[in-house]
> 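Here you go, one structure.
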2 protein chains.
Amino acid sequence: MPESHYPEIRALNLFEGMDETHFQSLMRGAYVQNFPPQIELIGEGEPSDFLHVVLSGSVDLFSSWNGRETSLATVRPISTFILAATIRNAPYLMSARTLEKSRIVLIPSQDVRAIFDVDSNFARAIVAELAQCYRAVIKSQKDLKLRTSLERLANYLLRQQKRAGGGAAFELDFEKRRLASVLGMTPENLSRAFKGLQPYGLIVDGIRVSIGNQAELEKFAKPNPLIDDFTL
Amino acid sequence: MPESHYPEIRALNLFEGMDETHFQSLMRGAYVQNFPPQIELIGEGEPSDFLHVVLSGSVDLFSSWNGRETSLATVRPISTFILAATIRNAPYLMSARTLEKSRIVLIPSQDVRAIFDVDSNFARAIVAELAQCYRAVIKSQKDLKLRTSLERLANYLLRQQKRAGGGAAFELDFEKRRLASVLGMTPENLSRAFKGLQPYGLIVDGIRVSIGNQAELEKFAKPNPLIDDFTL
DNA sequence: CAAGCCGCTTGATTTTTGTCAAGCCAGCAA
DNA sequence: TTGCTGGCTTGACAAAAATCAAGCGGCTTG
């Protein structure tokens, strides 16, 4: 792998505290690859041969069963995915595909496990990362089980608004069909859900969204840090 | 804490590889308490002061929002809960209540974090545990998003049957109302779902269940190890 | 024993969500 | 330009699930 990528990878929480020798050793076995959009990187059920790091572009994690499919998460630069499978040396639970042209680092799982065994700073960083991921999924579970689709959309919009800087107008960072899947509904229903939020001053034009009545929307959405605050 | 409990706690995956001195030090700060049924042990949002270990009885992990409530998991002996919150020193995301008379060990979170920093075997065990928990929630997420309530019930029954030994007849280990909540439906709907499985030879009498036509039920449920195998 | 409670079930109804079919429209290529 | 394509929207309908109300039956308690 070209050394030019080292600093950005090294800067990740996961790698920043580890021994330099160990980091070099991990990087020696790793390689970077460029993928076009819509390429399936891994399939659920396959053995976890590589820990992946997204350097640029974005990756969709999804799963299928009985002819149905659902998006579980989107990975954006710079972060890793399928850490848990790598650590447990267990099959992937999700498939992954590129959403756009993406540059991805592949680090052999056995190297990760080997370094994990000898570098306790790395092990600790992995703990922090896994605990974070675990809590994120729990929040998502609560979102799904406690809220209707309209409420999920409203809260998603409020979160996205905050991420985009907090202004009344902002842009969706998903294709709508995939947003629907992430939120656990059909595209048709998402369309109707957007209309259902019009009474709260919501205006949607393609990818652009604007919240006309912030107070009313929040009153309806009832955002809760224990579900919606992803830093917690 | 009475030393008589040490061996059973020590035997947990989480603690078995750690240094004896560190284990003793953890146990010194810990204490055991007996709780009656239906006692709320922790509330979501509270700071994570203790790592909990269930020695006997059982504990329901649940969450509320906007007047609704849902069960997210049940903890049975002998295992720990709210490890992730303890590690991240973050507020609990779920509340916990005893389902029956339960004996529970409370280990101060700061002790856990301190030992975690100095005992790398302990840190590694925590990684394994967290990765396992993470994967369990992902499976549950897939179950919720990809299956109808009837399918979820059918697969739950098949899992439970396997846990109970694999015979055609077995018992539910949940109160039905809580099973409904775990499966993400109302008690009324669970009742109807049981009836909906009659064509597959299902007979339910109170807590006792018997599967008349195993092959047909499996054909309907389409169990998948990447969702239903909790050892994976 | 009777009364009352609680969990479970059932039926009727409403709400929510998904499905199917059709049409719209921006973007793109010939 | 024309004619695609694919994502999005819309309407009509069907299915799934929640809600409301009532009743059943086992259990405890006075």
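Lettering of chains follows the sequences in order, A, B, ..., and the numbering in each one begins at 1. Keep in mind that this is a model prediction, so the values were computed, not measured.
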> Contact list please: residues 188-209 of chain B against DNA chain D, heavy atoms, distance less than 4.0 Å, in numerical order.
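The answer is B:Glu188, B:Asn189, B:Arg192.
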> B:Met185 has an atom CE; how far is it from atom P of C:dC8, in whole Å?
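Those two atoms, CE and P, are 13 Å apart.
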> May I ask you to check if A:Lys139 and A:Phe230 form a cation-pi contact, with NZ or CZ under 6.0 angstrom from the six-membered ring centre and within 45° of the axis?
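Because its charged atom sits under 6.0 Å from the ring centre and within 45° of the axis, A:Lys139 does stack over A:Phe230.
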> Got a salt bridge between B:Glu69 and B:Arg97, using NZ or NE/NH1/NH2 to carboxylate O under 4.0 Å?
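Counted as a salt bridge, because a side-chain N and a carboxylate O are separated by less than 4.0 Å.
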> In whole angstroms, how far is the P atom of D:dA18 from the CD atom of B:Glu69?
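After rounding, the reported distance stands at 15 Å.
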> To the nearest Å, give me how far apart NZ (B:Lys176) and P (D:dG25) are.
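Atom-to-atom, B:Lys176 to D:dG25, this comes out as 14 Å.
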> Rounded to the nearest angstrom, tell me the gap between atom CG in A:Leu183 and atom P in C:dT17.
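In whole Å, C:dT17 P lies 12 Å from A:Leu183 CG.
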> What is the separation between atom CG on B:Leu144 and atom P on D:dA16, rounded to the nearest whole Å?
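Answer to the nearest Å: 17 Å.
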> Between P on C:dC8 and CG on B:Leu153, what's the gap in Å once rounded to a whole number?
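It is 14 Å, rounded to the nearest whole Å.
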> Using the ring of each side chain (for Trp, its six-membered ring), is A:Tyr31 parallel, tilted or perpendicular to A:Phe50, with breaks at 30° and 60°?
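A:Tyr31 vs A:Phe50 ring planes: perpendicular.
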> What nucleic acid atoms does B:Thr148 come within less than 4.0 Å of, heavy atoms only: base, sugar-phosphate, or nothing?
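Result for B:Thr148 = sugar-phosphate.
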> Any salt bridge between A:Lys142 and B:Glu44, counting N to O under 4.0 Å?
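Here A:Lys142 pairs with B:Glu44 in a salt bridge, since their nearest N and O are under 4.0 Å apart.
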> Is any NZ, NE, NH1 or NH2 atom of the basic residue among B:Asp228 and B:Arg152 found under 4.0 Å from an Asp or Glu carboxylate oxygen of the other?
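Answer for the salt bridge query: no.
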> Could you check how far CG of B:Leu179 sits from P of C:dG7, rounded to whole Å?
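Taking atom P of C:dG7 as the reference, CG of B:Leu179 is at 15 Å.
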> Would you tell me if any nitrogen or oxygen in the side chain of A:Thr186 comes within less than 4.0 Å of OP1 or OP2 on C:dT17?
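For A:Thr186, the contact criterion (side-chain N or O under 4.0 Å from OP1 or OP2 of C:dT17) is not met.
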> Figure out the CD/P separation between A:Glu151 and C:dT16, and round it to whole Å.
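To the nearest whole Å, that distance equals 9 Å.
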> Does the pair B:Arg68/A:Glu151 count as a salt bridge with the N-to-O cut at 4.0 Å?
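Salt bridge present between B:Arg68 and A:Glu151.
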> Measuring from the side chain of A:Glu175 (C-beta onward, heavy atoms only), which nucleotide among D:dG7, C:dC8, D:dA18 has the closest atom?
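The nucleotide sitting nearest to the side chain is D:dG7.
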